[in-house]
Amino acid sequence: MEIVVQILFMLISALIIIAALMVVSVKNIIHAALWLFTSFFAVGALYLLLEAEFVAVIQVLVYVGAVSILVLFAIMLTRHVTGEGQNQLYSRWWLGLILALTLFGAIIVPTVFKQKWNIPAPTVVTEPQNAEPVVAGVADIGKAFMREYLLPFEVASLVLLVALIGAIVVVFEERTERRVILTLAESWALRQKESAKVDQ
Amino acid sequence: MTVKIEIQRGSAVPLSRRHPKFLGQGMLKGMEVVLDHWFKSFGPKLENFSQTAGIFTTEYPEERLKLAEAYRNLPILLYDDETGQELCTSCLQCEKICPPQVIHITQTKDPSTGKLVLAAAEFIIEYDACMGCGLCAEVCPFDSIKMDHHYELSTADHASLTMHKADLLRPVSYYQSLAPTFWEQTKENAYKKLQNTVKRRSGLLGIAPSMVGKVQPPETKPAE
Amino acid sequence: MEALINYLLNTALNLHAPEWVILLIRHLLVATILFLVVPFQMLLLTYFERRVIARMQDRVGPNRVGWEGVLQPIADAVKMFTKEDIVPAAADKGVHLLATGVVVVPTMFMLSVLPWGPGMTPVDFETSLLFFFAISSVSAIGLVMGGWSGNNKFSLLGAMRAVAQMISYEMPAILSILALVLMTGSMSISKIVEAQGGLIANLTDLPKVPDLGLGWLLFTPVGFLAFVCFFISALAEGERTPFDIPEADSEIVAGYMTEYSGMKFGMFYLAQYVLNFALCAITATLFFGGWQGPGVSQLSAMGANNQLFSILAGALGVVYLLLKTYFFFFTMVWIRGAFPRLRIDQLMGLGWKFLLPLTLVNIFSAAIWAACIHWGPEQGLAFLSAFGPWKRWAIAFLSTLVINLLAATLLVRINSSAESSMPKLVEDQKFGAVTLP
Ligand code: SF4
Ligand code: SF4
């Protein structure tokens, strides 16, 4: 059974890496977006492999179902989708490379050198026969959100609220400037109402 | 209260409906109407067009609508039931008027004298190109060519749609069954003309091929 | 099922198959059954819909192929298979092909978590309800892929519309089922079904009611409101007629399916009907008790002694579920026969201004319901435990009824007044030029 899980893990991770590489290397933006969803989906599968069903389902629901759709939407509204013949690389790509490497190094170097590398040989954990299986269930996540991590949770929701209001403000038109195409009956009712106002 | 609104494309009349008592009343009403039709569709069929609920489909191969007398599909030729004499005199009127020119007539010559006889030796109508306009039937002075009611002519064989005289000939009684009142109106005239024609025919000339042998050829020789 | 396979392999054939082999065989078997049943159901549904809608419009419908036309869908399938597959020259071929798969596969997944009968859930896990909706939203990507790759403005428009509609109606759908999750305390579809035994009130709320399998969630105020919201959203998600804007054939040919032909078009068609079937089935499952019905629980209780009875219980459960599902499909067709298509702004207005607030209020009432029924001194509501279960149930029923009624009337008021206070007529308006008396 462990072997099966190992093989599955390898396959899924390979898929994630390949998909992620394709995202940055294909020229057609739509194809890049589609590869992005592939990697999202594979990440969901990875969660499932970790028996974190809830997180996996949410990953699919939010990233595959909603975020990716919005990405596609935004891309389809832009003109030049295919981007054939354009150079993939910025002319000073080495600058970006250095920056990326520095950031990556800044993360990886301390991690590697601070870690004590005497990993003990994996011991087979024998769970007691009638122990409750430890699964990150929905209830646990809910409790964690509502007790230990209440403040970050609320702050995050506040950020989302601000983003919502901002979006509304950006696209809001003044009510008087709004053009509405009325049906005949609607405009007739409107006139009726206006003339009633004049009569009074 | 109704008000007429004039617009460029015509006029519209907004009707004031009763104010709905609760939300979705109109929608429920609509659904009720649809369900009502559904139930009634299992009941008896519609008999006339004043009824509104019930199935009105005529299931074609088994059931057919009654065709009107003036219905026309493609032309046929007539011959007299008793004597077998064709009404056509090969006057070529129909060939001339036919818009797509699908009628081809060969006139008959008396084999002994070599003179023309008032009968068609061959009468071809290309059914595949005939458009059913009925002009040939209108123009025929001898009431010989009439429009048929038979419409199931589809075939996989294109050549079979070139109809020869033998395929086109029908007895007068057939046409009479299709359009009794029309035949009643023209009957007298048609027979009078036929008698005149027959006087100028001889032997088996002008007798429908299917009737040859069943009828006596006319005794009278054309007066020469 | 595992027991049966285990018996066959290990006892009868003496193969010493490990556990995972048995599981694998079991899942393969169930998947095969589902894949056999689903296209068959789809064929049946197309026939059913065409006959029913025909009768609603005073016609007969297809009745020539086979007895009363039952073989018509098979004739259609043969036609689909033998048609030429045309791909537009300027299409993105790979995406064009992939889109069909991305649309069809999630709908098949949806059926795998449905409880078909007592103990007959193909894949049963804790968050199956959420999984159902998560996986259904994946097919939206397929729609976008199909719409975009065809390189046709109609299919692109259709895809845009489909996605806008799907996203905005997924919210009320998920929020309305969230109320059920609160009430039953579980996200597993099979547990929600099991909780619906009883008569009017269900067994988890009132343990003493007779178990006739009629304790449907529909009979509670929360469940009723959730049902109404959910069914409207399901119509929108399944792109059924008042909400068939994405494939409005009188406006944009066939929406995202415009550039598909032959079997690829057939796949889209299949996905649509399977989705409709799944939505009807989930409606029946969540609100109308799924396989619950008079006699099922008694039979399965008898099944403890005799295997035959539990098989009977399973069969009865499947029959109940299919009956309810077909009833909802009939309702969908009925609605299709009755109403014209909505305008897109009406659609968005209905979703965001009416259904969404209503479902939010409904979640609040569901919380009250859960508190009234299940909470006690632990949560600081010690006074509730002074009442008996009947009283607690009555309190929950009345309070949620009042809240939901108030919310519904208020929202109707607000929405209808918003409609009547129309903005001012702009002088240079192009289309509304009218001369009035
Ligand atoms: S069918 Fe009539 S019009 Fe035509 S050739 Fe014969 S007699 Fe003349
Ligand atoms: S019906 Fe019209 S087209 Fe046909 S043969 Fe007569 S004249 Fe010609």
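Quick note on labels: first sequence line is chain A, next is B, and so on, each numbered from 1.
The CG atom of C:Asn63 lies 4.5 Å from the CD atom of B:Glu59; values are rounded to the nearest 0.5 Å.
Interface remark: B:Phe42 contributes backbone and side-chain atoms alike to the contact with chain C (heavy atom separation under 4.5 Å).
For C:Phe243, the ring-ring contact (aromatic ring centres under 6.0 Å, His included) test picks out C:Tyr169, with sequence neighbours left out. Scanning for ring-ring contact (aromatic ring centres under 6.0 Å, His included) contacts around B:Tyr60 gives an empty result, with sequence neighbours left out.
One N or O on the side chain of C:Arg55 and one on the backbone of B:Ser41 form a donor-acceptor pair closer than 3.5 Å.
Scanning all heavy atoms of the two residues, the minimum distance from C:Trp334 to B:Met31 falls at NE1-O, 2.9 Å. For the residue pair B:His37 and C:Met56, the shortest heavy atom distance occurs at CB-O, 3.5 Å.
Across C:Val60, C:Ile335, C:Thr409, C:Ile53, the residue that shares the most heavy-atom pairs under 4.5 angstrom with chain B is C:Val60.
Atom OH of C:Tyr326 is surrounded by more than 12 heavy atoms from other residues, nucleotides or ligands within 6.0 Å. Summarising the local packing, CD of B:Glu152 is surrounded by more than 12 heavy atoms from other residues, nucleotides or ligands at distances under 6.0 Å. Around atom CD of B:Glu82, no more than 12 heavy atoms belonging to other residues, nucleotides or ligands sit under 6.0 Å away. Crowding of C:Phe224 atom CZ: a count of heavy atoms from other residues, nucleotides or ligands under 6.0 Å not exceeding 12.
For the pair C:Arg64 and B:Glu62, the salt-bridge criterion is met [side-chain N within less than 4.0 Å of a carboxylate O].
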